[in-house]
Amino acid sequence: MDLVFYNTLTRKKEEFSPVATESKTVNLYVCGPTVYNYAHIGNLRSYVFADIAYRTLGFAGYDVKWVMNLTDIDDKTIKGTIDKYGKDSGVRELKRYTEEYTQAFFADLDKLNIERKNIKFIKVTNVIPQIQKFIVELINKGYAYKADDGSTYFSINKYQEVFNNYGELVGDKFLEGKQIGAGSTGSPQARNKADEYTKDDINDFALWKARAPEDANIYWGHEILGDGRPGWHIECSVINYVAFGDKTVDIHTGGVDLAFPHHTNEMAQSEAHNDKPFVKYWLHPEHLFVDNKKMSKSLNNFYTLTDIKEKHFNPIAYRYILLQSSYKQTTNFTWESLEAGARGYENLKSKIERLKKSTGFFKSLLAKFSGGESSSAPEVSPRENFDKYLKDFQTKIGSLNTAAGLASLQGVLSAKDLTPAQKLVLIKKFDEVLGLELL
Ligand code: AMP
Ligand code: ZN
């Protein structure tokens, strides 16, 4: 089965082959949530997409190692902890605060049939010594420096001298006409201490943020870096390193908004540290919109799975509507679209129910209990028919085109040249990828 992925890095559809060409193992890294609040259904679109990618790779015969970070230390988790536990909060309170949202996130994954047992989760606060070591190694290689404000920054200019590919993930002309790095302006104010910033601020960014009064007692000590905590971007570089070593990672995903600065900076940090390409295929699902704007906490235009359940919808119906559109397109969420999706999903399920009832299994059972043999000859259908439908699905899902995969499923349901038993086998197989709990 061929897999064809659109790679953000090359801006092309490429046939997938693992980094270790002889191997059937694939390393998949998915940027996980910041556990400072409940995930909204826009966030969850990114994880449903990752789950489809994971399942598709498995369907194609790969053994996938899926790793996801849980960002439990950043500006937002610190603020949330102090709001809840007070101004003396330390790492223990931070862990308690973020654990609640970690569990809520896990429950959301369960509801969407994203199987947690397939994912290795790594919390940032559990790899602080590895983060510190990685940063010190970047300093030793000349790619990072401790500034007067006590924080340690990544030097984009130094990186450019050696790699000359900063911002490649966003576009060939990304740096055109832009000044880069704190060095270019000579101004320390130009450095980025915040985790999130825009494309107009391509400045040296913080790897280790010196302890500040607003951090309360949430910090870790280090003899070279000093008291402080990691920046957001370094977390993912280090978790990749912890999970996969310095090998080029096969696939890395996260919502489109992460391409800059997060993934761009991850790539710079990791390539500087590992001296090899960081990731082979970058996959970026588009956003979920609401009223034609990106669903986000800051716009306060978001819904959670709890809202969906309160309106008596099955969360799997939400998964179903996501699969109906291409992950490369924004989707506008409305309650009407969910309602239509829920109807479509129920319809699909009842067709499958009828099919189950009509299979030979039930017929022979009935025949047995009624004491007679079934008079009609068993239905037969050539194996080629079965293979034709399977191939059709594989071709469509091989490019992660779930909408076409669903059409292929409908094709099986209405097929005249398949037996009910064959249909059920195909539905079961397709559902290994779709994850819609069809049987
Ligand atoms: P965060 O918890 O903010 O780090 O975001 C977790 C994931 O959700 C990231 O991969 C984001 O790119 C993604 N994300 C955020 N907003 C949306 C949205 N409206 N639609 C789809 N994905 C989103
Ligand atoms: Zn990340």
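Predicted, not measured: the structure shown is a model, and the values here were computed from it. Both counts, for ligands and for their atoms, begin at 1 and track the order of listing.
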Step-by-step side chain to side chain donor-acceptor pair (under 3.5 Å) determination, Lys95 to Thr125: CA-CA 8 Å; Lys95 282 189 170 263; Thr125 56; 3.1 Å; yes
Trace of the side chain to side chain donor-acceptor pair (under 3.5 Å) decision for Ser325 with Thr331: CA-CA 7 Å; Ser325 59; Thr331 297; 2.9 Å; yes
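Sorted by chain and number, the protein atoms of type N, O or S within less than 2.8 Å of the Zn ion (ligand 2) are Cys31 SG, Cys236 SG, His262 NE2.
In summary, the side chains of Glu266 and His252 do present a donor paired with an acceptor at a separation below 3.5 Å, with no hydrogens or angles considered. Counting only N and O atoms by type, the side chains of Asp250 and Tyr62 include no donor and acceptor under 3.5 Å apart. With 3.5 Å as the limit, one finds a donor-acceptor pair spanning the side chains of Thr71 and Glu235. Under the 3.5 Å distance criterion, with hydrogens and angles disregarded, no donor-acceptor pair is assigned to the side chains of Ser89 and Thr81.
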Pairwise, report which nitrogen or oxygen atoms of ligand 1 are under 3.5 angstrom from protein nitrogen or oxygen atoms, and how far apart they are.
unit_1   : atom_1 : unit_2 : atom_2 : d
ligand 1 : 2 (O)  : Thr34  : N      : 3.1
ligand 1 : 4 (O)  : Thr34  : OG1    : 3.4
ligand 1 : 5 (O)  : Asn43  : ND2    : 3.4
ligand 1 : 8 (O)  : Asn43  : ND2    : 3.1
ligand 1 : 10 (O) : Gly255 : N      : 3.0
ligand 1 : 12 (O) : Gly255 : N      : 3.2
ligand 1 : 12 (O) : Asp257 : OD1    : 2.5
ligand 1 : 12 (O) : Asp257 : OD2    : 3.4
ligand 1 : 19 (N) : Leu288 : O      : 3.0
ligand 1 : 19 (N) : Met295 : O      : 2.8
ligand 1 : 20 (N) : Gly42  : O      : 3.3
ligand 1 : 20 (N) : Leu288 : N      : 2.7
ligand 1 : 22 (N) : Gly42  : O      : 3.0
ligand 1 : 22 (N) : Ser46  : OG     : 3.0

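The aromatic ring centroids of Tyr241 and His273 lie less than 6.0 Å from each other.
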Under 3.5 Å donor-acceptor pairs involving side-chain atoms of residues 208-216, not counting sequence neighbours:
unit_1 : atom_1 : unit_2 : atom_2 : d
Trp208 : NE1    : Gly226 : O      : 3.0
Lys209 : NZ     : Lys193 : O      : 2.8
Lys209 : NZ     : Asp195 : OD1    : 3.1
Arg211 : NE     : Ala216 : O      : 3.4
Arg211 : NH2    : Ala216 : O      : 3.2
Arg211 : NH2    : Asn217 : OD1    : 2.9
Asp215 : OD2    : Ala212 : N      : 3.0

Side chains of residues 162-176: which donor-acceptor pairs under 3.5 Å do they make with residues two or more places apart or in other chains?
unit_1 : atom_1 : unit_2 : atom_2 : d
Asn165 : OD1    : Tyr159 : OH     : 2.6
Asn165 : ND2    : Glu271 : OE1    : 3.2
Tyr166 : OH     : Asn265 : OD1    : 2.4
Asp172 : OD1    : Arg11  : NH2    : 3.2

